[in-house]
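So the structure is just underneath, and the comments pick up after that.
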Amino acid sequence: MIDPKLLRTSADEVASNLARRNFQFDGEGYANLDCRRKALQVEVENLRSERNASAKRIGKAKSQGEDIAPLLAAVEDLGAKLEDADKNLGILQSELRNIELGLPNLLHDDVPVGTNEDDNREILRWGEPRKFDFEPLDHVDIGVGLGTLDFDAAARISGSRFSVMQGSLARLQRALIQFMLDTHAGEHGYEEVYVPYLVQSEALFGTGQLPKFENDQFKTIDDPPFYLIPTAEVPVTNLVRDSIIEATELPMKFVAHTPCFRSEAGSYGRDTRGMIRQHQFEKVELVQMVEPANSNAALEELTGHAEVILQKLGLPYRKIILCSGDIGFGSHKTYDLEVWLPGQQAYREISSCSNYVDFQARRMQARWRNPETGKPELLHTLNGSGVAAGRALVAILENYQEADGSVTVPAALLPYMGGAEKLMRKT
RNA sequence: GGAGAGAUGGCUGAGUGGUCGAAAGCGGCGGUUUGCUAAACCGUUGUACAGUAUAAAGCUGUACCGAGGGUUCGAAUCCCUCUCUCUCCGCCA
């Protein structure tokens with residue numbers, strides 16, 4: 001959510017910033033609504049004030065044994081007037097709120113203007129894509145060839161966009177997750193947390209998936225429904241919902257491994273092969289809550305932490321900054337890390353690191369106490385994948401494949417693989 | 001799933017229809033005393049929105065006693081629904 005004060009006082013700047021996203025903000029319409037809201041609010045508060053005063057008068061008169069009938073007559077129609085005005089105020093307020101909840105975040109000046117992912121800007125490349133002396137396979141052929149990846153079984157159980165992993169490949173995923181958690185918790189100063197995978201709608205409103213992206217979520221038929229988390233960002237960021245954090249507690253840095261569930265509505269036909277785009281996948285997520293002054297630096301740091309994972313795994317990648325047409329709804333600035341996939345001869349997203357500034361904090365009323373002012377102020381939230389385990393698995397299979405169909409285990413994962421140095425065909 | 005108890009400010013806890021944003025204690029902050037610490041004493045102490053004024057501070061109003069609804073001129077207090085916590089029983093990884 002954008003600061004409503006800013007929407008009122010600087011509508012033009014807001015509109016031109018959001019126009020970079022190709023989003024039209026009707027500042028005049030908003031201002032008109034808000035004007036009416038203010039007038040009504042004043043009216044309602046005056047009526048209430050009047051009611052409170054006369055209630056007090058009646059109480060006093062009654063305790064002194066005076067006749068209260070004339071006083072009662074005087075406030076006869078007050079209740080109906082108040083109820084009516086209050087109802088209209090409620091309607092206006094929810095209209096305003098719907099507008100506010102539907103506005104994407106303001107963009108950082110660094111964000112390049114563009115219309116789609118083709119306009120994202122590359123910042124750096126790390127690692128040299130390996131030269132193969134044989135034709136490299138994609139992860140599906142490698143995994144199926146090893147007898148450790150079974151999409152037929154997955155389809156029988158759950159349909160498309162699911163996978164079944166067996167044996168060494170399942171173990172490799174577990175090793176990856178362990179390795180990532182250990183690195184972030186042990187070397188990067190994050191606190192490991194375990195969180196619910198089913199959340200209430202309020203949590204998704206807080207991080208910005210609702211109300212706009214209802215269709216992307218899985219939800220249960222309970223009343224009220226539970227939503228399956230699309231990312232650990234949702235439960236972890238909501239750890240600070242409705243709270244005031246002392247300055248000494250900041251920055252807060254959390255790392256969590258969770259499964260992620262996405263309906264992938266609207267992506268029919270994209271990445272239908274293999275494990276790239278699944279309804280369910282594992283991810284290690286980094287979340288930070290920081291003082292506003294530090295959030296830009298924190299984004300660089302957090303992105304660096306995700307990069308360390310790829311570097312330790314020896315996976316070539318590039319870092320890009322998302323353009324205004326591709327950046328997420330709530331993000332102020334986003335770096336994506338894209339890992340090299342020899343099977344696709346392409347860099348593919350494996351991590352997305354974003355600074356949300358106060359966008360999520362305002363929605364969830366997450367604040368800190370600024371020692372300079374002594375007042376509670378909104379804090380800044382950031383998150384990034386550190387990294388997506390499913391896609392990291394894909395990258396390892398493709399980058400570490402050998403001519404005989406086996407896959408070498410990256411050195412960083414050896415301590416987690418129980419002595420296995422290679423993934424070999426099951427005998 | 002069954003039975004019962006509860007939810008009040010940073011914390012403990014009083015408050016069963018009116019002057020209650022809410023006693024008291026603890027904690028926090030400021031001060032007095034003090035060689036330092038401690039103790040004692042005095043003062044102060046929530047959040048949000050709106051109005052008004054300003055260089056700032058402020059002042060005024062409204063809302064908030066788990067959430068939502070109801071009764072009433074008036075609700076922390078009465079009624080209804082829900083959520084959560086605790087205890088006991090049952091079931092269970």
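Since this is a predicted model, take the numbers as computed values, not measurements. Residue numbers begin at 1 in each chain, while the letters A, B, ... track the order of the sequences. Computation of the quantities below employed the complete heavy-atom set of this structure, encompassing side-chain atoms and omitting hydrogens, waters and symmetry-equivalent molecules.
Of the P atoms belonging to U47(B) and C42(B), the separation is 26 Å, rounded to the nearest Å. Rounded to whole Å, the separation between the C1' atoms of G4(B) and G61(B) comes to 44 Å. Taking atom P in both C41(B) and A57(B), the straight-line distance is 35 Å, to the nearest Å. Straight-line distance between the P atoms of C29(B) and C88(B): roughly 40 Å, to the nearest whole Å. Using P as the reference atom, U33(B) and G17(B) are 49 Å apart when rounded to the nearest Å.
Distance, Lys375(A) NZ to G58(B) C1': 12 Å, rounded to whole Å. The nearest whole Å value for the distance from the CZ atom in Arg362(A) to the P atom in U47(B) is 18 Å. Remark: P of A50(B) and CG of Asp86(A) are 16 Å apart, rounded to the nearest angstrom. For the pair Met364(A) CE and U47(B) P, the computed distance is 21 Å after rounding to whole Å. Regarding Ile244(A), its CD1 atom lies at a distance of 19 Å from the P atom of G28(B), rounded to whole Å. For the pair Leu89(A) CG and U62(B) P, the computed distance is 15 Å after rounding to whole Å. Regarding Asn46(A), its CG atom lies at a distance of 12 Å from the P atom of A63(B), rounded to whole Å. Rounded to a whole Å, the CD atom of Glu45(A) is 9 Å from the P atom of G51(B).
When heavy atoms are screened at a 4.0 angstrom cut-off, Arg97(A) is found touching no nucleic acid atom at all.
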Scan nucleotides 71-86 of chain B nucleotide by nucleotide, 5' to 3', and note B when protein non-hydrogen atoms come under 4.0 Å of the base, S if they reach only the sugar-phosphate, - if neither. --BS------------

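Along RNA chain B, the nucleotide closest to Ser49(A) and the one closest to Arg369(A) are compared, and the more 5′ of them pairs with Arg369(A).
To the nearest 0.5 Å, atom CG of residue Asp138(A) and atom CG of residue Leu341(A) are 9.5 Å apart. To the nearest 0.5 angstrom, Leu89(A) atom CG is 8.5 Å from Glu45(A) atom CD.
Residues that satisfy the salt bridge (charged side-chain N to carboxylate O under 4.0 Å, His left out) test with Arg241(A), not counting sequence neighbours, are absent from this structure.
No side-chain donor from either of Gln209(A) and Tyr227(A) sits under 3.5 Å from a side-chain acceptor of the other. Side-chain contact of Glu282(A) with His257(A): a donor-acceptor pair under 3.5 Å is present, judged by distance alone.
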Using a 3.5 Å cut-off and no angle test, enumerate the donor-acceptor pairs between side-chain atoms of residues 177-185 of chain A and protein atoms at least two apart in sequence or in another chain.
residue   : atom : partner   : partner atom : Å
Asp182(A) : OD2  : Tyr416(A) : OH           : 2.6
Thr183(A) : OG1  : Phe179(A) : O            : 2.8
His184(A) : ND1  : His188(A) : ND1          : 3.0
His184(A) : NE2  : Gly386(A) : O            : 2.7

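Taking only side-chain nitrogens and oxygens, Arg367(A) comes nearer than 4.0 Å to OP1 or OP2 of A48(B). Side-chain N/O atoms of Arg48(A) include none lying less than 4.0 angstrom from OP1 or OP2 on A50(B).
Annotation: Phe359(A) is not in aromatic contact with His380(A) [ring centroid separation under 6.0 Å not met].
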Could you list, one pair per line, each protein nitrogen or oxygen that sits under 3.5 Å from a nitrogen or oxygen of nucleotides 66-68 of chain B, together with the distance?
none

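Screening residues 1-22 of chain A for side chain to side chain donor-acceptor pair (under 3.5 Å), with sequence neighbours left out, gives Arg8(A)-Asp34(A).
Base-pairing analysis of RNA chain B finds the following stems of at least three consecutive Watson-Crick or G-U pairs, with both pairing distances under 3.5 Å: B:1-7 with B:83-89, B:10-12 with B:24-26, B:27-32 with B:40-45, B:46-52 with B:58-64, B:66-70 with B:78-82.
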Please determine whether salt bridge (Lys or Arg N to Asp or Glu O under 4.0 Å) holds for the pair Arg277(A) and Glu264(A), giving the CA-CA distance in whole Å, both sets of side-chain angles, and the decisive distance to 0.1 Å. CA-CA 8 Å; Arg277(A) 190 173 298 276; Glu264(A) 294 298 344; 3.4 Å; yes

For Asp141(A) and Arg273(A): C-alpha separation, side-chain torsions, deciding distance, then whether salt bridge (Lys or Arg N to Asp or Glu O under 4.0 Å) applies. CA-CA 11 Å; Asp141(A) 291 335; Arg273(A) 178 179 164 84; 3.1 Å; yes

Please report the C-alpha distance between Lys219(A) and Glu214(A) in whole Å, then the side-chain angles of each, then the deciding distance to 0.1 Å, and finally whether the salt bridge (Lys or Arg N to Asp or Glu O under 4.0 Å) criterion is met. CA-CA 9 Å; Lys219(A) 66 173 171 180; Glu214(A) 170 94 29; 2.9 Å; yes

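When the nucleotides G61(B), C49(B), G51(B) are ranked by their closest atom to the side chain of Lys5(A), C49(B) comes out on top.
Exactly one residue among Thr207(A), Thr237(A), Leu299(A), Thr381(A) makes a side chain to side chain contact (heavy atoms under 4.5 Å, CB included) with Tyr356(A). That residue is Thr381(A).
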